[in-house]
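The residues of the chain are indexed from 1 along the displayed sequence. Remember, it's 1-based here, ligands and their atoms both numbered in the order they're listed.
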Amino acid sequence: MSSKGNRIINVISNRNDASIKTANLLIEKLSARGFYVPKNYDTNAELNICIGGDGAFLRTVHRYNFPNIPFVGINTGHLGFYQEILPKDIDGFIEKYVKGYYTIEKIFLVKADVHTRDNSFQLLGVNEIVIKGIKSKVVHLEVFINDNHLEKFSGDGIIVATPAGSTGYNFSSGGSIIYPSLKALQITPLSPISSRVYRSLLNSIIIPGDIPITIEPEFLYENSILIVVDGVEFKYKNINKISYSISEKTISRLNFDKNMYWNNLKSKFL
Ligand code: NAP
Ligand code: MN
């Protein structure tokens, strides 16, 4: 079948057997309803269906450069917090999709501008952007919020998490769960040191997404910083400062009912 006149849906699957099986079944059912599922990712599609776990979702978003096409996820992975549909519910999902029984909700992204001695780079994260030390060394970081000096942090590092990412690394590190529609960023310490020598905040801070957060590594540590974006490591030479804010760019996903978030949270964490 060609895409001529058909509504296009991308089906993106990881390579697990369960995902491939689910993808094949899904493609069959979508085709039967008159949708066209292209072999390769099509930027003209109306929907991206991602099959796998959260890792598969995160990699898809990065690979296709934070597309405007809304996402929906089918979970064949481990936790699948972003992947709210189960393979057994495919029929119900297609039915609701065709009837338009859904809303589209935004997923806020965290942006980091990394300034080095002679360059700057921009990073975007769905879950979080973490600053850590290379070789598991303690890092010493000056933290500013809206240009106000907050603290000199010493410890394993700092997570800056989005609301959607708040249930990931942030949550395991003692951070709070933030409802995804709140436009906020959460700064969560990783093993903060609080001793006679160093004094770091032990808990998270949650601030509005348009207030800039700036982190400056101490001079001696400019070359010892590791930046981890949604689980992927980046290294830069001579980092002077990293400025964070919520990106103007967002991605979006389908929400099929108002209880979906809470059901998902309860079934996956409690
Ligand atoms: P991974 O090592 O498989 O991820 C660790 C776990 O986090 C997986 O169970 C993953 O779900 C889950 N996860 C990812 N995003 C989540 C979210 N927004 N809410 C709740 N759980 C979430 O690596 P990955 O699959 O590539 O995912 C990268 C993410 O892992 C990072 O962005 C970070 O949030 C998280 N992480 C967590 C820790 C920790 O908790 N100590 C440490 C490093 C990284 P799936 O099983 O469905 O993939
Ligand atoms: Mn994973």
Side-chain angles (χ1 to χ4, degrees), residues 12-20 22-23 48-64 66 71-87 89 105-112 123-134 136 139 155-192 204 206 209 225-234 244 246-247 250-255 260-270:
I12 308 133
S13 158
N14 67 15
R15 286 176 222 277
N16 295 351
D17 286 348
S19 303
I20 293 169
T22 304
N48 285 333
I49 305 179
C50 185
I51 303 172
D54 289 323
F57 170 73
L58 295 169
R59 282 186 289 279
T60 302
V61 173
H62 282 272
R63 180 176 318 126
Y64 298 111
F66 306 89
F71 283 91
V72 71
I74 300 178
N75 187 25
T76 55
H78 289 136
L79 185 72
F81 198 72
Y82 287 103
Q83 308 286 88
E84 287 146 322
I85 294 166
L86 294 173
D89 298 332
E105 65 178 34
K106 272 186 198 166
I107 298 178
F108 293 113
L109 305 169
V110 54
K111 176 180 87 169
L123 300 168
L124 269 186
V126 181
N127 274 344
E128 75 286 288
I129 301 182
V130 189
I131 299 182
K132 287 183 170 181
I134 55 167
S136 300
V139 283
D156 278 4
I158 285 181
I159 301 175
V160 179
T162 62
S166 66
T167 42
Y169 201 176
N170 169 74
F171 186 61
S172 323
S173 309
S176 293
I177 295 173
I178 302 189
Y179 195 75
S181 63
L182 275 179
K183 194 176 181 183
L185 288 176
Q186 180 164 191
I187 305 167
T188 296
L190 284 171
S191 301
S204 298
I206 298 170
I225 299 293
L226 190 62
I227 303 181
V228 193
V229 183
D230 295 336
V232 177
E233 295 183 352
F234 292 82
Y244 288 93
I246 280 207
S247 174
T250 54
I251 53 171
S252 61
R253 65 172 156 192
L254 304 189
N255 187 335
M260 191 162 88
Y261 182 77
W262 302 109
N263 289 340
N264 194 36
L265 189 75
K266 185 155 179 177
S267 69
K268 284 168 187 167
F269 283 98
L270 291 164

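- The residue from V72, L254, I49, N75 that alone fulfils the side-chain contact (heavy atoms from CB on, under 4.5 Å) condition with I85 is V72.
- Closest to atom 15 (N) of ligand 1 by heavy atom, among N14, V126, N127, V232, is N127.
- Using a distance-only test at 3.5 Å, with no hydrogens or angles considered, a donor-acceptor pair links the side chain of T60 to the main chain of A56.
- There is no protein heavy atom closer than 4.0 angstrom to atom 2 (O) of ligand 1.
- The nearest protein heavy atom to atom 37 (C) of ligand 1 is closer than 4.0 Å.
- Distances below 4.0 Å separate heavy atoms of E128 from the following atoms of ligand 1: 31 (C), 32 (O), 33 (C), 34 (O).
- Distances from atom 41 (N) of ligand 1 to the heavy atoms of Y169, F269, Y82 put Y169 nearest.
- The shortest contact between atom 11 (O) of ligand 1 and any protein heavy atom is with D54 OD2, 3.1 Å.
- Residue G80 places at least one N or O, backbone or side chain, under 3.5 Å from an N or O of ligand 1.
- Across all their heavy atoms, I129 and A112 have their closest contact at CD1-CB, 3.7 Å.
- Atoms of ligand 1 lying under 4.0 Å from at least one heavy atom of G53, given by number and element, are 47 (O).
- Within 6.0 Å of NZ in K183 there are 12 or fewer heavy atoms belonging to other residues, nucleotides or ligands.
- Residue contacts with ligand 1 for A164 involve N, CA, C or O but no side-chain atom from C-beta outward (heavy atoms, distance under 4.0 Å).
- Q83 places a side-chain N or O within 3.5 Å of a backbone atom of C50 that can act as its donor or acceptor partner.
- Taking only nitrogen or oxygen atoms, main chain and side chain alike, G77 does not reach within less than 3.5 Å of ligand 1.
- Considering every non-hydrogen atom in both S204 and G175, the closest pair reads OG-CA, 3.5 Å.
- With D230 contributing its side chain and N127 its backbone, the two residues share a donor-acceptor pair below 3.5 Å.
- Distance alone, capped at 3.5 Å, places no donor-acceptor pair between the N16 side chain and the A18 backbone.
- For atom 46 (O) of ligand 1, a protein heavy-atom neighbour is present inside the 4.0 Å cut-off.
- Within the 4.5 Å cutoff, the side chain of H62 has heavy atoms near those of the V229 side chain.
- In terms of protein heavy-atom proximity, atom 19 (N) of ligand 1 is nearest to T167 OG1, 2.7 Å.
- Residues meeting the salt bridge (charged side-chain N to carboxylate O under 4.0 Å, His left out) test with E233, sequence neighbours left out: none.
- Ranking protein heavy atoms by distance to atom 40 (O) of ligand 1, first place goes to S172 OG, 2.5 Å.
- Residue contacts with ligand 1: L58 is placed with no nitrogen or oxygen under 3.5 Å of a nitrogen or oxygen of the ligand (distance criterion only).
- Contact annotation for atom 6 (C) of ligand 1: protein absent (non-hydrogen atoms, distance under 4.0 Å).
- Ligand 1 has an N or O atom lying under 3.5 Å from an N or O atom of G55, backbone or side chain.
- A donor-acceptor pair is defined here as one N or O able to donate and one able to accept, closer than 3.5 Å; such a pair exists between the side chain of D54 and the backbone of F81.
- Interface atoms of ligand 1 facing H78, defined by a heavy-atom separation under 4.0 Å, are 46 (O), 47 (O).
- Listed by first then second residue, pairs satisfying side chain to side chain donor-acceptor pair (under 3.5 Å) with a partner in residues 160-171 read K132-Y169, N170-T188, not counting sequence neighbours.
- Counting only heavy atoms, the protein never gets under 4.0 Å from atom 30 (O) of ligand 1.
- Looking at atom 26 (O) of ligand 1, its nearest protein heavy atom turns out to be R59 NH1, 3.6 Å.
- In this structure, the protein non-hydrogen atom closest to atom 21 (N) of ligand 1 is L79 CD2, 3.2 Å.
- With a heavy-atom cut-off of 4.0 Å, Q83 does not touch ligand 1 at all.
- Taking the six-membered ring wherever Trp is involved, the centroid distance between the rings of Y82 and F71 does not fall below 6.0 Å.
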